[in-house]
Participant: 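One structure follows; several queries about it will come next.
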2 protein chains.
Amino acid sequence: MSSSDELNDHLRVKGYRVTRPRRAVWRALMDADDHLTVEEIAALVARRQPGVNLASVYRSLALFAQLDLVRESRLGDEDVTRWELAHPDEHFHLICDSCGRVDHHAGDLVARIIEHLRSGHGFDARSVDLSVVGRCAFCAADGEQRQPPDDIANDSR
Amino acid sequence: MSSSDELNDHLRVKGYRVTRPRRAVWRALMDADDHLTVEEIAALVARRQPGVNLASVYRSLALFAQLDLVRESRLGDEDVTRWELAHPDEHFHLICDSCGRVDHHAGDLVARIIEHLRSGHGFDARSVDLSVVGRCAFCAADGEQRQPPDDIANDSR
DNA sequence: GTGGCTGCAAACATTTTGCATAACT
DNA sequence: AGTTATGCAAAATGTTTGCAGCCAC
């Protein structure tokens, strides 16, 4: 369980202080189990705790990451960095380049990958970051006429 | 094979011009089969083609990416973006957080993942980005005290 | 010849940092 | 009280863009 108390424990054990910005960032990550950009986190934080500086959000995230409480991840070819709680249970991302939907799967795939690496390559995996870009079941079933080729090239900012 | 000619073909077919900067960037990526940061690419380019602007490197990479000739990838928790030729054969990265070594594996793991997603989730994978951070066989065998062969960790920017 | 590229420099976006002050323990 | 962490603002990074001239076709 990712309770608020958990944060307190993690921080205090290491001698870090439990501050308002840190709590707010933590809460933002907890409330939205989705992946959040720093900007989004800052917005959520600001709603409950006006006055928290962006720099503090960054600093909080950096600290959490250092304590392995959160995880930084890039989805597919997105150009933004996103953050999420570091669930002990690994999962992976399925990004549909057709509808943009992002699914998180907590299946055993990651566990199997880890096992494969261990027995096959002697690699002791600590963290697996698996992102797959393709077409989700819904869009695939929908045939070909979807969000066509050009649009793919559109994003090119 | 990823010959220089290949670049010409890819570009010309689509009506893009084969220019000095583009050739230089392509060559840089070919010479070092390793993952390169934009900075590293720019350095390699500058060595053979002084006068090529950084902006052109970015523009070349963006174009190549759009043509699926190269691939942008973030290794583990690195904070820099790296580029590599988009080998048609998928592969994945094993990053050792002990010695910093990055292995590229072209095994069937990725293919199996794709198959799993297709049959299990109906997801039609187009691109798989798998990065695993952990401890490599060498470091794991070495017990705890490692500070490994620096020569292996060379690339780390 | 001409339109697509490039170099240059300025603009942007994002993340980091120095320092005086506020706040957690 | 003693520090650590914050807010603020400035700086450092990394990437993009407007534009006049150049060059591949």
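Keep in mind that what you see is a predicted model, and the values were worked out from it rather than measured. Chain identifiers are assigned alphabetically (A, B, ...) following the order of the sequence lines, protein sequences preceding nucleic acid strands; residue numbering begins at 1 within each chain.
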Participant: For the pair made of CG in L11(B) and P in dA24(D), what is the distance, rounded to whole Å?
Facilitator: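 The answer, rounded to whole Å, is 14 Å.
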
Participant: Enter the inter-axis angle for the ends of the helix from dG1(C)-dC25(D) to dT25(C)-dA1(D) (five pairs per end, rounded to 10°).
Facilitator: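 The angle separating the two end axes equals 40°.
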
Participant: Rounded to whole Å, how long is the line connecting atom CZ of R20(A) with atom C1' of dT25(C)?
Facilitator: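 Distance check: R20(A) CZ to dT25(C) C1' gives 16 Å.
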
Participant: Side-chain N or O of Y58(A) versus OP1/OP2 of dT16(C): is the shortest distance under 4.0 Å?
Facilitator: no

Participant: Measuring from M30(A):CE to R23(A):CZ, what's the distance to the nearest 0.5 Å?
Facilitator: 12.0 Å

Participant: Pair F64(B), L7(B) - check side-chain contact (heavy atoms from CB on, under 4.5 Å), show working.
Facilitator: CA-CA 9 Å; F64(B) 294 169; L7(B) 174 64; 3.7 Å; yes

Participant: Reckon R12(A) touches a base, only the sugar-phosphate, or nothing at all at heavy-atom distances under 4.0 Å?
Facilitator: sugar-phosphate

Participant: Counting the atoms with a prime plus P, OP1 and OP2 as sugar-phosphate, which does A62(B) contact under 4.0 Å by heavy atoms, base, sugar-phosphate, or nothing?
Facilitator: nothing

Participant: I need the CG-C1' distance between N53(A) and dA20(C), as an integer number of Å.
Facilitator: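 It is 14 Å, rounded to the nearest whole Å.
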
Participant: Can you tell me how far CZ of R27(A) sits from CZ of R48(A), rounded to the nearest 0.5 angstrom?
Facilitator: 4.5 Å

Participant: In whole Å, I'd like the distance from the CD atom of Q49(B) to the P atom of dT6(C).
Facilitator: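 Distance check: Q49(B) CD to dT6(C) P gives 12 Å.
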
Participant: Side chains of L29(B) and L61(B), heavy atoms from C-beta outward: is any pair under 4.5 Å?
Facilitator: yes

Participant: Distance check needed: dT15(D) P versus L54(B) CG, whole Å only.
Facilitator: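 One finds 9 Å between P of dT15(D) and CG of L54(B), rounded.
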
Participant: Determine whether any donor atom in the side chain of R17(A) lies under 3.5 Å from an acceptor atom in the base of dT4(D), or the reverse, and answer yes or no.
Facilitator: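 By the distance-only test, yes, there is a pair.
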
Participant: Are T19(A) and dT6(D) close enough that a side-chain N or O sits under 4.0 Å from OP1 or OP2?
Facilitator: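 Affirmative; the distance criterion is met.
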
Participant: How would you label the contact of G51(A) with the nucleic acid (heavy atoms, under 4.0 Å): base, sugar-phosphate, or nothing?
Facilitator: sugar-phosphate

Participant: Atom CZ in R71(B), atom CD in E84(B): separation rounded to 0.5 Å?
Facilitator: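 With rounding to 0.5 Å, CZ (R71(B)) is 6.0 Å from CD (E84(B)).
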
Participant: Between atom OH in Y16(A) and atom P in dT6(D), what is the gap in whole Å?
Facilitator: 12 Å

Participant: Name the closest nucleotide to the T81(A) side chain, picking from dC25(D), dT6(C), dT15(C).
Facilitator: dT15(C)

Participant: Rounded to the nearest angstrom, tell me the gap between atom CD in Q66(A) and atom P in dT16(C).
Facilitator: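 That distance rounds to 13 Å.
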
Participant: Rounded to the nearest Å, what distance is computed from the CD atom of residue E40(B) to the P atom of nucleotide dG14(D)?
Facilitator: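 That distance rounds to 12 Å.
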
Participant: Report yes if a donor N or O on one partner sits less than 3.5 Å from an acceptor N or O on the other, where the partners are the side chain of R59(A) and the base of dG7(D); otherwise report no.
Facilitator: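 Result: at least one qualifying N/O pair found.
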
Participant: Given L67(A) and K14(A), is the side-chain contact (heavy atoms from CB on, under 4.5 Å) satisfied, shown in steps?
Facilitator: CA-CA 9 Å; L67(A) 298 177; K14(A) 297 276 189 171; 4.1 Å; yes

Participant: At what distance, to the nearest 0.5 angstrom, does CG of N8(B) lie from CZ of R22(B)?
Facilitator: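 It is 11.5 Å, given to the nearest 0.5 Å.
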
Participant: Choose from dT25(C), dT15(D), dC8(D) the nucleotide whose nearest atom is closest to any side-chain atom of A55(A).
Facilitator: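 The nucleotide sitting nearest to the side chain is dC8(D).
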
Participant: Provide the closest heavy-atom pair for L36(B) versus A28(B) in the form atom of the first, atom of the second, distance.
Facilitator: CD1-O, 3.6 Å

Participant: Please check the phosphate of dA5(D) (OP1 and OP2 only) for any side-chain N or O of R22(A) closer than 4.0 Å.
Facilitator: yes

